[in-house]
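Bear in mind the structure is a predicted one, so any value in this text is a computation, not a measurement.
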Amino acid sequence: MIQLMGLGAHSKLSPNKSSSNLMTRTMSGPATSETSLPVDRPMRLSEIHVAAEHALKQTISDPDFMTSLSSPEEFESRYMELTKGAADNYHRSWWKRHGVVLDGEIAAIFFKHGNYDLAAKSYEKVCALYSAEGWEELLADVLPDLAECQKILKDEAGYLASCVKLLSLESSLFSSKERQAFQSEVVRLAHSEMRHPVPLDVSSLITFAGNPAPPLELCDGDPGTLSVAVWSGFPDDITLESLSLRLSAFSSADEGLKAIRSTDARVLVPGRNIITFDIPPQKPGSYVLGALTGQIGKLSFRSHGFSQDGPVDTDEFMSFEKPTRPVLKVRKPRALVDITPAVSSALLMNELQWIGLIVKPIDYSLKGGILHIDAGAELKIEESQMIEIESYRSDGEHSSPIDASKVLSRPTDTGRVEKVPIENGKIKLPDWASDVTTLVWFPVRAIDDTVPKGTSPASPQKHSIVDGMRMIALKLEFGAFHNQIFERTIAVHFTNPFHVSTRVVDKCNDGTLLLQVILHSEVKATLHVKDVSLDLQAGFEHLGKGDGRPTSSLFPLVIAPSSKAGILFVIRLSGTKDLDELEQADSMLHIKYGISGDRATGAHSPVPVKPDDSEELLFKISLKLKRPVLDPCLAVGFLPFSTDCLRVGQLVNMKWRVERLKDLEEASLSDDEILYQVDANPQNWMVAGRKSGHISFSEAQGSRIEIAVTCVPLVSGYVHPPQLGLPDVGDANISCNPAGPHLVCVLPPTLSTSYCIPA
């Protein structure tokens, strides 16, 4: 019966525990048997057995209970019945914890008899209670039995979770060999072929946290490297085939960033590990740690265990609360660099000139940056020359943005200058220029194959600044991985060194003409005119030596920036009578000059391609010389109106008189008809007659004709009158004497009295 009494005590222990710890109970009081034994000797075992059986029979009156004590099997059956009843009563009351404890007693009996399925279910209830209450010592007694049941039942997911939980308990509850055995089981299953692989939650075993330093700050579009502290609760080193980190947005409900994968295999040592992750460019915002995922063999795991924010020496103190301190901040898009032209004034056309670019980083490093220069149409970069990069400093250096109109100051004595090559339009910025404002000089040549033309009072020409514009596309790649790109297209103005105009200042009695050629400086540099020659067109010839040189020899002639100078030529009309030749041919002016300028200001001396290149430059320009107005073939005059006042809506006759000033042979006009055309603004005038036509004209000198057109004024005020043109006759052969009026006064229409009512 002593063995039956001890069964209940044995059932409260783990089935893996030995029963050798049971203490044998001895009699310490007066004997309860009717037959008293001598006190001077101990009782024999058989006597104790008989005495105990007799005492039980005298104490227990229930025959069923006595039957339960007849054998161990009957006792276990009655013990299970009573324990289940007590557990059910506890579960139905407010004492559920006591019921769970009794479930552990039931699980121990199930485990003893090999009923592992029911034992596992009961053990799970017990482990859940102990784990929730933080009773790790009690959990350490029961959890190994649950793991054993799951292993026997081939519940791989449950077995792995139990092994992880065992490893996450205090290390003092198990020996080092036992913890290593738990880890070996995890690694073995992770590398085996699992029938139903499921992600494993290792939040209690592998925890992580950001560094206590300030969060990593990145600019928009920048990648970066984030360091994360990972704590491993494994007793030995463990190899991770992959490790990924997910970040969550700090102030929004977005899912956050995609998993940032660490492609290399990682080996976690017990305790603290510093793991770095390469972060691709992300959207602006603040991010906190989200989840840590990875793979051990073929088993994927996930951890939500965050370490408690605090000093570095508190590595062992962990918390599962979501961290609130951001580990990554991505700034909103902003300007990281600015590139502007160094000079706004014009450079020389068709000459090799330096172009300066001011490269200014804005609180961002340009280390390793590559500048792409793409020259537009009619612009060529001379890659045989070295690029010059110098430190830049001006009075407006600290202002933002850079004022390119400011005059650049030359580099100081402490300024740095470096020459670098340019290959395929690419320039690599030196490291010293990564965080300072620099000035990049590169040589270009603007190409213009057309011959420039001069102007005269008789044939003025409008020059557009757009004609000298050339476009340069800039692209700067910078950043740690050249991920930042700055693009800008700049316009550079090129111009000829001179603008040339002509005028006849005097005509002598012998037909000699004094032709003045005016040279206008178009650049902000000093021009040194060394020699000038003029090749005259057909119909004109030089007097004197006939070498085409001017009358004065005041060379070299110095022309200051934006100034002008005049040169006189003595010419006369030649004997040609071919008007077509006079209209088509142009004179050519040749100017040999030099230039003294600063590239930081504008136009300057061309960059020498070869050491023996001459500094003397040649500029050619065509001049259209027309016959003087004092020697025309025809004269056109505007006749007065037939009425003193013009009114809106009234017909008016416009008359012009055309007179032949030369005979047929001298005038070289063989037609006896002349084509006329009247041009009028349709908003101001309505032409009632023919606008154009042919009219007979005698070939004799002094012949006169009148051309009349009827018009109607449409608006009142001072307006331009219609104009008469002779399309087949050149402007040089027409003299307007007297000249037509520039403006005429048109009165409003007269008031009508048809609708007036007498007062």
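Proximity of the aromatic rings of Phe111 and Tyr116 is defined here by a centroid distance below 6.0 angstrom, and this criterion is met. You'll find the ring centres of Phe182 and Phe234 outside the 6.0 Å limit.
At distances below 3.5 Å, not a single donor-acceptor pair connects side-chain atoms of Ser122 with backbone N or O atoms of Ala119. Judged by distance alone, with hydrogens and angles left aside, the side-chain atoms of Arg246 form no donor-acceptor pair with the main-chain N or O of Thr293 at under 3.5 Å. In this structure a side-chain-to-backbone donor-acceptor pair under 3.5 Å is present from Ser391 to Arg416. Judged purely by atom type and a 3.5 angstrom limit, Arg488 uses its side chain to pair as donor or acceptor with the backbone of Ile339.
Going from atom CG of Asp236 over to atom OG1 of Thr239 covers 11.0 Å, rounded to the nearest 0.5 Å. Taking CG of Leu476 as the reference point, atom CG of Leu366 lies at 6.0 Å (rounded to 0.5 Å). Rounded to the nearest 0.5 Å, atoms CD1 (Ile275) and OG (Ser227) are 9.5 Å apart. Atom CD in Gln183 sits 8.5 Å away from atom CG in Leu205 (nearest 0.5 Å). Note that CG of Leu336 is 6.0 Å distant from OH of Tyr364, once rounded to the nearest 0.5 Å. Atom-to-atom distance recorded for Leu138:CG and Leu129:CG is 9.0 Å, nearest 0.5 angstrom.
Using a 4.0 Å cut-off between charged nitrogen and carboxylate oxygen, Glu185 and Arg188 count as a salt-bridge pair. Between Glu124 and Lys121, none of the side-chain N atoms (NZ, or NE/NH1/NH2) sits under 4.0 Å from a carboxylate O, so this pair counts as no salt bridge. For Glu156 and Lys154, the salt-bridge test fails: no basic side-chain N is under 4.0 Å from an acidic carboxylate O.
Nearest heavy-atom pair across Ser365 and Phe478 is O-CD1, 4.2 Å. The minimum heavy-atom distance linking Thr225 with Leu216 is given by the pair O-CD2, 3.4 Å. Closest approach of Val420 and Ile389 over heavy atoms only: CG2-CD1, 3.8 Å. Of all heavy-atom pairs spanning Lys283 and Tyr287, the tightest one is O-OH, 3.0 Å.
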Requested in this report: Apply salt bridge (Lys or Arg N to Asp or Glu O under 4.0 Å) to the pair Glu423 and Lys426, showing each step before the final yes or no.
Outcome: CA-CA 5 Å; Glu423 298 179 357; Lys426 299 179 182 179; over 6 Å; no
Requested in this report: Report the C-alpha separation of Ser162 and Gln150 in whole Å, then their side-chain angles, then the decisive distance to 0.1 Å, and conclude whether the side-chain hydrogen bond (donor to acceptor under 3.5 Å, both in side chains) test is met.
Outcome: CA-CA 9 Å; Ser162 297; Gln150 293 168 336; 2.6 Å; yes
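Using cut-offs of 30° and 60° for the angle between ring planes, the Trp135 and Tyr130 rings count as tilted.
Listed by first and then second residue, the salt bridge (Lys or Arg N to Asp or Glu O under 4.0 Å) pairs that reach into residues 201-226 are Glu217-Arg331, sequence neighbours excluded.
In this structure Pro199 satisfies the side-chain contact (heavy atoms from CB on, under 4.5 Å) test together with Ser300, sequence neighbours excluded.
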